Amino acid sequence: MSQSPSDNLKPWLRLPWDGFVVHYHEIGLKGGNRRPFTRRLQQNLTNALRPFKAVVEDLFDRLFVRVPSEVLGEALKAAAQVFGVAYTALVRLLPRSLEAMQEAARETYQALATNGQTVAVRVRRVDKTFPMTSREVEQLVGRQLVATTGASVNLDAPDILLTFRIYADSVYLLGPKVPGVGGLPVGVSGRVLALLSGGIDSPVAAWLMMRRGCLVDFVHFHAFPNAEEALVDKVPKLVETLVVPQGVSARLFLVPYHTFQLALLMSKVPPSLELVLFRRFMVRVAHRLAQEHNYQAIVTGDNLGQVASQTLENLRALDDASALPIFRPLIAWDKQEILAFAQRIGTYALSLQPYKDCCSLIARHPQTKAKLEAVHRAEKQLPLEQLIERTLSEVVVKTIHTEPLEKDATQKSAKEMNTIHSEIGNGGEGSG
Ligand code: ATP
Ligand code: MG
């Protein structure tokens with residue numbers, strides 16, 4: 001389709017529509033996969049489109065969304081951002097008759113055409129009981145259109161493409177295809193825990209795992225004296241930016257760094273190993289949270305060679321501290337690609353905001369190729385189990401819901417925090 005993308009929607013939106021259709025890729029949707037997939041997509045779309053008061057119907061091979069006409073364009077663009085969506089398009093419902101298609105073609109062309117733009121009619125007969133073939137309908141609608149409007153036809157690269165789809169109970173007149181973000185609906189691929197810093201890479205890594213259908217919860221290590229300060233800073237906003245458009249909620253575990261920091265200060269760990277040890281500590285704490293809350297993997301924004309300390313040796317030293325797989329979707333990306341991606345998914349500006357990052361409190365010249373033996377030796381100087389237990393007891397959890405955070409988050413957060421320790425203890429039923 002030559003003229004489509006969402007910026008070209010504007011003139012189309014002036015026409016009367018009944019809603020929009022959402023299509024997903026059929027690949028991998030055999031047998032038992034289909035129902036969980038479509039049910040989840042329907043649920044996520046319903047949540048993500050709640051601000052538009054949308055009603056989402058599952059029609060076996062597609063979803064149909066009805067929203068009030070004044071928010072149609074916005075709702076359609078929001079739907080295109082939901083993982084699992086291949087494309088969406090405006091729909092006008094017509095009776096199953098040739099005359100209805102001819103009439104709608106004429107109206108639509110006349111409403112859209114300026115300066116004799118060319119046109120093509122394309123028809124797909126999904127329901128084969130319709131008494132004419134797709135080609136016959138195309139010709140009859142096209143001929144009538146030319147006769148009544150004087151439009152000239154260009155089948156290869158029309159300025160205006162009129163698409164009809166004939167179903168068993170109605171005919172769809174479709175607006176331009178708006179490509180979706182693809183992937184799988186969040187929730188069909190299990191649960192993972194992402195290590196989220198305030199930086200640029202880790203939100204992109206989490207987004208990529210969400211696009212493969214993972215429910216992602218987040219753990220962030222902060223250098224504030226208490227979690228209230230971390231709660232009003234950018235990290236919860238990053239989580240919100242990632243999950244709200246997907247119609248899911250997520251947990252954010254806020255973990256203080258100070259307990260580990262104090263232990264480091266009192267130890268004789270060589271400063272060059274402090275960073276690797278802290279990274280391993282983060283992984284261990286994440287691992288414990290994963291056991292308690294049923295996450296199947298840990299996700300990081302690690303990249304090979306982006307900074308001097310991101311070497312294979314150091315990455316291996318992290319894997320050595322975890323029995324769970326550590327996924328690093330950005331391992332082989334160039335920084336420029338990651339930056340462009342962060343801009344595209346809307347996390348870039350937040351990530352750039354200045355932040356009190358705990359890694360910056362650690363020695364300036366970290367070991368670039370930490371030897372496992374040396375790491376193990378250094379770690380023995382720390383009361384690891386005790387530090388993990390103490391740190392876990394200080395974790396604060398914030399659930400980020402599909403509704404955006406309120407402007408004044410402080411009071412609500414303080415109230416929520418009272419219930420947080422019990423939440424940590426009970427294994428949690430998870431987000432979503
Ligand atoms: P990012 O932009 O994600 O911070 P980075 O290039 O700055 O990445 P590092 O700071 O070396 O890389 O961190 C590597 C990874 O370790 C991060 O992508 C993140 O997954 C994790 N990480 C780093 N700092 C923290 C933190 N304070 N809390 C949780 N995870 C962290
Ligand atoms: Mg960082």
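This one's a predicted model, so the numbers in the text were calculated from it and none came from an experiment. Order of appearance sets the numbers: ligands from 1, and atoms from 1 within every ligand.
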Checklist line | Geometric cation-pi criterion, R284 with F281: 6.0 Å, 45° | finding: no
Checklist line | F83 six-ring face occupied by R40 cation (under 6.0 Å, within 45°) | finding: no
Is any NZ, NE, NH1 or NH2 atom of the basic residue among [X] and [Y] found under 4.0 Å from an Asp or Glu carboxylate oxygen of the other?
{"X": "E57", "Y": "R62", "value": "no"}
{"X": "R34", "Y": "D61", "value": "no"}
{"X": "R280", "Y": "D319", "value": "no"}
{"X": "E229", "Y": "K356", "value": "no"}

Notebook entry, point to check: Are S202 and S197 close enough that a side-chain donor and a side-chain acceptor fall under 3.5 Å?
Noted result: yes
Check: Cut-off 3.5 Å, side chains only: do H376 and D320 have a donor facing an acceptor?
Finding: yes
Output the list of atoms in ligand 1 that are nearer than 4.0 Å to some heavy atom of [X], sorted by atom number.
{"X": "Q310", "value": "11 (O), 12 (O), 14 (C)"}
{"X": "T300", "value": "20 (O)"}
{"X": "D302", "value": "14 (C), 15 (C), 18 (O)"}
{"X": "V219", "value": "29 (C)"}
{"X": "G301", "value": "17 (C), 18 (O), 20 (O)"}
{"X": "G199", "value": "1 (P), 2 (O), 4 (O)"}

Margin query: With respect to M282, determine whether any N or O atom, backbone or side chain, lies less than 3.5 Å from an N or O atom of ligand 1.
Written below: no
Check: Taking N or O atoms only and a 3.5 Å limit, does I200 qualify as a polar contact for ligand 1?
Finding: yes
Check: Considering only heavy atoms, does Q306 approach ligand 1 within less than 4.0 Å through its side chain, its backbone, both, or neither?
Finding: side chain
Item checked: Residue portion contacting ligand 1 (non-hydrogen atoms closer than 4.0 Å) for N303 -> neither
Check: Between L196, V299, D201, which one has a non-hydrogen atom sitting closest to atom 2 (O) of ligand 1?
Finding: D201
Item checked: Closest to atom 27 (N) of ligand 1 among Y257, Y355, F221 (heavy-atom distance) -> F221
Next item on the list: Take K234 and Q353 through the test side chain to side chain donor-acceptor pair (under 3.5 Å) and record every step on the way to the result.
Entry: CA-CA 8 Å; K234 65 174 169 177; Q353 286 175 13; 6.0 Å; no
Notebook entry, point to check: Does ligand 1 have an atom under 4.0 Å from some heavy atom of R279?
Noted result: yes
